[in-house]
Number of protein chains: 2
Amino acid sequence: MNEPRTTQGAAIIQALRQQLTSQALTGGSKLPAERELADLFDTTRITVKEALHHLEAEGLIYREERRGWFVSRPRLVYNPASRSHFHALVAAQQRVAATRVLSCESVLAPAELVSEMALAPLSRLTRICRLRSIDRRPVLYTEHYLIPEYFPDIGEQDLGQSLTGLYQRRYGLRYGRSRFDICPTAARGEAARSLSLAEGSPVLAITRINYDQQGRIIDCDREIWRHDAVRIRIDSQARAAAS
Amino acid sequence: MNEPRTTQGAAIIQALRQQLTSQALTGGSKLPAERELADLFDTTRITVKEALHHLEAEGLIYREERRGWFVSRPRLVYNPASRSHFHALVAAQQRVAATRVLSCESVLAPAELVSEMALAPLSRLTRICRLRSIDRRPVLYTEHYLIPEYFPDIGEQDLGQSLTGLYQRRYGLRYGRSRFDICPTAARGEAARSLSLAEGSPVLAITRINYDQQGRIIDCDREIWRHDAVRIRIDSQARAAAS
DNA sequence: GAGTGGTCTAGACCACCTT
DNA sequence: AGGTGGTCTAGACCACTCG
């Protein structure tokens, strides 16, 4: 097997992994403090911390800033190409969803969106920021950028519900095609704070540009998922022959 | 801006980020040694290392085991739903692709695939392991698990080319639908070694189950991408109305 | 106020890569 | 052989959370 020599760190990882997969530690529960683990394994906090980071990268545990380490729950299976509503999707997987609206305001279009959305320079967009939780744990930070002309009075609507549904009911807009990018990156700024993640923690960023049925761009949304909270699943049909 | 107090680590990150985005350090080049950076910023290796890990999570730099830190090149834009060949895809983005076949052998079906692929317990599958590079940097480790009945003599074929093309030309098999999962996780074992990643480094795992045009499962493939080397891009058409 | 993780110091030895 | 990152020691103080 060409097994690398077992380091102390690897031993800690293995011991914890076993506890985690054998359900001795179950979803949502808190791990002992780093200092306690260091005593337990007769080593230092730095070594323990390294081991915990490995398990975090695997998605078995997660951190909440200055609160401690917790056991991850199963990932939400999510298809960004389907238009299913977050609350319905979560409920279908026997979990409890919640949405909190963080802000809704008019902002100058960020530079990268000006070209992506084919806007005039210095355009204004309506930005809606929301934080979504599963089983009381915040897992998804979203920013929607709307073309304001299509969405008068959006600020007076209930934004805790599905925006897709609202677009259709209130504004008569239905999605046509959309394009999305999925990119593993690191949490920064507001997204990190809202998700109670340390700056630089790995996340999955999904950026989507939505067109209506006439092919006009109507909005763009950016989802920042905790990397251990989600698994993307997509069914695809056969295409034209490979090139 | 509610800026968190600037720590020493944050200062290092900012300084390096600036150098990286201003192209003072360009793709592929090597960063100074950790000890050198520690001197430069008048701090310890551990602090420097932490900062480097942040930039790694962002995808701006990457590590090669015991060789050093390097500046990332632009991510490959990849659509796993399209059947385009790796070499063609890479060439279209002005990069140079290479494929190395690591192994091709008959193995006992891994437990998780037995259920996923609806196999009889203790079935055997043909496993092909390959390592793919862009601009001489290994970025993608793949394992294909084939139903052996459909692929006689596969071991004698040239496996460095596109397997999709080979399936069709040699075996008359064409893909119908497929289902794929995209999951941010950590590198382990053979995949970590081949990609010269430390155990536990973040990667993007894409698992795909492929059906032929008659709806039979013909193979399953597992791609392990270096997390900073790829960006998934998918175009989707409108679906039936949201539930 | 006690406990937690976040950050940091100032070193050390080892395993591996490069020359 | 010399340089690199990988791992580790044995502490320290700070910022934040929670009861």
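Side chains included, hydrogens not; waters and symmetry mates left out as well; all remaining heavy atoms used. Below, read A as the first sequence line, B as the second, and so on, with proteins coming before strands; counting in each chain starts at 1.
Counting only heavy atoms from C-beta on, B:I46 has its side chain closest to D:dT9 among D:dT9, C:dC17, D:dC13. The side chain of A:K30 lies closest to C:dT4 when the candidates are D:dC13, C:dT9, C:dT4. In this structure, of C:dG6, C:dT9, D:dT9, it is C:dT9 that holds the atom nearest to the side chain of B:Q8. Closest to the side chain of B:E50, from the set C:dT7, D:dG6, D:dG5, is C:dT7. Nearest nucleotide to the B:T47 side chain, out of C:dT9, D:dG5, C:dG5: C:dT9. Here D:dG6 is the nucleotide among D:dG6, C:dA10, C:dG6 with the atom lying nearest to any side-chain atom of B:E34.
Taking atom CG on B:D39 and atom C1' on C:dA10, their separation rounds to 12 Å, with Å as the unit. Counting to the nearest Å, the P atom of D:dT17 and the CZ atom of A:F70 are 13 Å from each other. Going from atom NE2 of A:H54 over to atom P of D:dG6 covers 10 Å, rounded to whole Å. As a whole-Å value, the separation of B:L52 CG from C:dC8 P is 13 Å. If you take CG of A:L37 and P of C:dG5, they are 8 Å apart, rounded to a whole angstrom. Note: CZ (B:R63) to P (C:dC16) measures 16 Å, nearest angstrom. A straight line from OH of A:Y62 to P of C:dG5 spans 14 Å, rounded to a whole angstrom. Atom CH2 of A:W69 is separated from atom C1' of D:dT17 by 17 Å (rounded to the nearest Å).
Residue order along DNA chain C, read from the 5' end via each residue's closest nucleotide, puts A:A198 first among B:R66 and A:A198. Each of A:T43 and A:E65 lies near DNA chain D, and the nucleotide nearest A:T43 is the one positioned closer to the 5' end. For the pair A:R67 and A:D42, both in contact range of DNA chain D, the more 5′-proximal nearest nucleotide belongs to A:D42.
Dashed line: the shortest gap from a side-chain N or O of A:K49 to OP1 or OP2 of C:dG6 is under 4.0 Å.
Geometric assessment of A:R226 against the ring of A:Y141 yields a negative cation-pi assignment under the 6.0 Å and 45° thresholds. B:R137 forms no cation-pi arrangement with B:F70, by the criterion of a distance under 6.0 Å to the ring centre and an angle within 45° of the ring axis.
Inspection of the B:E56 and B:W69 side chains reveals no N or O donor paired with an N or O acceptor under 3.5 Å. A donor-acceptor contact closer than 3.5 angstrom links the side chains of A:T43 and A:Q8.
Evaluation of atom-type donor-acceptor distances gives no pair under 3.5 Å for the side chain of A:R35 against the base of C:dG3. On a pure distance criterion of 3.5 Å, no polar donor-acceptor pair joins the side chain of B:R45 and the base of C:dG11.
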Requested in this report: Just do the salt bridge (Lys or Arg N to Asp or Glu O under 4.0 Å) check on B:E50 and A:K49 with the steps written out, would you?
Outcome: CA-CA 12 Å; B:E50 209 117 305; A:K49 208 187 273 281; over 6 Å; no
